[in-house]
Structure formats: structure tokens, C-alpha cells
Amino acid sequence: MRDEGTNGAAISDELLKWYDAHARILPWRVGPADRVAGVLPDPYRVWLSEVMLQQTTVAAVKGYYERFTSLWPDVAALAAAEDGAVMAEWAGLGYYARARNLLACARAVAADHSGTFPDDAEALRRLPGIGPYTAAAIASIAFDRRETVVDGNVERIISRLFRVETPLPVAKPELTRLAKSLTPDLRSGDHAQAMMDLGATICTPRSPACGICPVIAHCQAHAAGMAADLPAKIKKKAKPVRHGFAYVVRRADGAWLLERRPAKGLLGGTLGWPGSEWGDDPTPSPPLDADWTELGEVRHTFTHFHLRLRIFAASVDQFAPADFTPAADFNPSHLPTLMRKAYSVASDTLGAN
Ligand code: SF4
């Protein structure tokens, strides 16, 4: 049903006009008026925001972005930061491999590129943690390279504009090809940001606001009355449920028993409570002998599974044989969300509030 004749140049013109008038004001963005006045985006800030925004919303990222840029205002400062300090600031933002890659990337830029981000997508992709999406976003937004940025928002807009009824993920190559056909030679960074804004504010997943859409005249799904039905998706399998045990221990002097998780794997490199493996039927594995009290269950959802974590708490005396973190060095806000939930369950019992 799709009409390939849709006019890419006209769509991109309308989008840029709309962006010039309605661009969202974002802390990492150089808006259209400033661009015209000659202000150039800082590649470090574009990169940092794009890495933070992977799998996360703008609202969740803003505070983190402000803190990171005030603590580490440029790539050299971040490259010199301590791993633990960066992981602590990242706590709560999730997908912790991003934080480890963030540091690895900053250090690679500092060591191998004299502290300057490369200005094309291919070279950017060779840096840690930069995939095709992020490379295209940095190259287009920071360096105005003619690169096409394709994420779930763009796939949704394109599937509607061109009425692509093939379900995702099968439709991905076709949607990427069509998205490329809209990317202008000039202002490709603003075009990418206009697409992001359209997807976030108007062409939203459930109820697109077609009545105020700048490209409604070109939209084949709208014309067919099926805007909200696209993109079609192959039904996902239900996520499995895994189970685990976590042990929150406080010593008589207020110190906590914390451990840093291995660098690789879920929540890799973050601080947390000792516990069991997560699986169908894990074995309880208390870290020391103590009078344990079971306090309840914490639920958390990861990308590929739901976790039900049974929380046990114990108070121990000064001589407990383990490596405790002094109370003065412990800040629950430095824990990832799951571990913070476990802390909330245990803190009353252990007299931490
Ligand atoms: Fe999306 Fe509606 Fe605009 Fe089409 S007309 S691009 S469905 S908001």
C-alpha cells in the first residue's frame, strides 16, 4: 500500500520549519536560533547526553547530565575521574555497562585522539560504547555530517509517514532506507533533532497528535486512518521471572556489608548487597552466620526478565568477619535502583532511618 513517491525534500523542509519555531529547550542542545548565530555544539556534551539517553527518558536524564557536566566539564576531566566516583553518580540511571563504556570512551578520546572527538561516524563507532545510533547522532548533531539517526521514535514516524505495515523488527532495513531518503544535505543535525522532537511530542506511540503535526499532508498512515496502529510489531514473548536472595547486614558501629559486583554482567561494577545467583530456584547464600530476618520481596524488571528478590536483614557485632563499609562512606543514593529498593525494605529494621 505504500507510496514510494512521498517527497523527502518537502517533508524535511516542513520539519525544519517546525523545529525552528518549536524546538524543545534541552540542556545539551544548541537550539536553532543559536545555531544561526554561529554557536557550535560541544561534541563532549552531545556524546554524554546521547549515551545517557540510551534506554532512558529526557526527564530522567536532565539531573544526571547537569551533575556530570558540573563535576566533569570536559572529556579530559571525565577521563581522569575515578571509576567509583563515576559509577556512584550514574547510580539509578540503569544499564550500567553504559557508565563503564562512558569512562572507557572518555579515556580513549583523551589518549588516542588528543582529547578531541573524531568528527565522522565511522571513527566514532570505533570508540567504546558508541554504536551506529550514537555515532550517527554525534556526527550529525555535533558535526553536521549527513548521517541518519534511527531509533524507535524514528522508526515509528517513518512507518507512519510511509505506511509501512511490515512488522518490526523485520521492517528495520526498509525503515532505515526510508529515513535516509528524508535526511537533507544541510542541517542534518537539526533534522535529526526535529525527528526526535516530533516523536517525543506529537507522533507519540499510542495517540499521535496528527492535528498539529507539521508533516500531516505527507502522512500516508494518517490518510488511511491507521496512524495509531503503526508500527506493527511481532508479539514479544512474556519475560521470564527469576528469583534471588539479597542480604543486608549492618554492624553495631553502623557500618554496612556491601560488595562491588563484577565488572561484566548485569549491574556490573556497581555497589550492592551480597546475594545469591538469580535464577529459577537459587540456593540461599548468606554472606556470614547471623540471626537473619526475612523482610519481604523486592520486584524489579530488567530488559530480559523480571526479578523477585527476597530480602534478609541482620545486625551483627563489631567482630563479624567481613569487610564492612563505614557508615560515613555509605550513601544509599549511590546504589543502583534495585539495591536501593532492598535498602528501603531493610533500613527501618536495621535502625538506619
Ligand atoms: Fe505521526 Fe500523525 Fe504526523 Fe503522521 S500525521 S507523522 S501519524 S503525528
Side-chain angles (χ1 to χ4, degrees), residues 1-26 29 31-33 35 49-50 53-61 132-134 136-137 140-141 146-236:
M1 300 301 277
R2 182 165 50 74
D3 171 12
E4 288 269 1
T6 297
N7 186 340
I11 293 175
S12 133
D13 277 357
E14 298 292 344
L15 258 182
L16 282 171
K17 261 190 252 158
W18 171 78
Y19 180 74
D20 286 345
H22 299 286
R24 285 179 297 169
I25 295 166
L26 300 171
R29 175 176 282 177
R35 286 308 305 268
S49 64
E50 287 299 334
L53 285 164
Q54 292 163 9
Q55 320 274 350
T56 317
T57 62
V58 164
V61 163
Y133 171 85
T134 308
S140 68
I141 297 170
R146 188 181 180 278
E147 293 289 343
T148 303
V149 179
V150 184
D151 66 352
N153 283 311
V154 173
E155 286 174 346
R156 182 171 65 253
I157 297 168
I158 297 292
S159 71
R160 290 171 176 174
L161 271 175
F162 292 90
R163 195 179 163 190
V164 176
E165 293 177 57
T166 311
L168 281 168
V170 181
K172 273 178 183 284
E174 184 180 13
L175 296 175
T176 299
R177 181 177 63 74
L178 290 165
K180 281 185 179 162
S181 76
L182 297 191
T183 306
D185 289 338
L186 296 175
R187 298 190 68 193
S188 67
D190 282 351
H191 171 83
Q193 294 177 96
M195 291 287 276
M196 292 171 187
D197 284 13
L198 188 73
T201 61
I202 293 182
C203 196
T204 52
R206 282 199 194 92
S207 33
C210 301
I212 54 167
C213 176
V215 289
I216 186 171
H218 306 278
C219 183
Q220 297 175 35
H222 174 74
M226 57 186 302
D229 302 330
L230 295 180
K233 286 185 182 154
I234 291 174
K235 249 192 156 189
K236 281 189 193 152

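Only heavy atoms go into these numbers, but all of them, side chains included; no hydrogens, no water, no symmetry mates. What you are looking at is a predicted structure, and each value in this text was computed from that prediction instead of being measured. Atoms within each ligand, like the ligands themselves, are counted from 1 in listed order.
Between P205 and R156, some side-chain heavy-atom pair lies under the 4.5 Å cut-off. Side-chain contact between T201 and H22 is absent, with no heavy atoms from C-beta onward closer than 4.5 Å.
Scanning the protein heavy atoms around atom 4 (Fe) of ligand 1, the nearest turns out to be C219 SG, 2.3 Å. For atom 3 (Fe) of ligand 1, the nearest protein heavy atom (residue, atom name, distance) is C213 SG, 2.3 Å. When only non-hydrogen protein atoms are considered, atom 1 (Fe) of ligand 1 lies nearest to C203 SG, 2.4 Å.
The two residues R160 and L230 come nearest to each other via the heavy atoms NE-O, 2.8 Å.
Numbered from 1 in the order shown, with element, the atoms of ligand 1 that lie under 4.0 Å from a heavy atom of A227 read 7 (S). Those atoms of ligand 1 with a heavy atom of R160 less than 4.0 angstrom away are 7 (S).
In summary, the side chains of T183 and T148 do present a donor paired with an acceptor at a separation below 3.5 Å, with no hydrogens or angles considered.
Within the coordination shell of atom 2 (Fe) of ligand 1, defined by N, O or S atoms under 2.8 Å, C210 is present.
One N or O on the side chain of T56 and one on the backbone of Q54 form a donor-acceptor pair closer than 3.5 Å.
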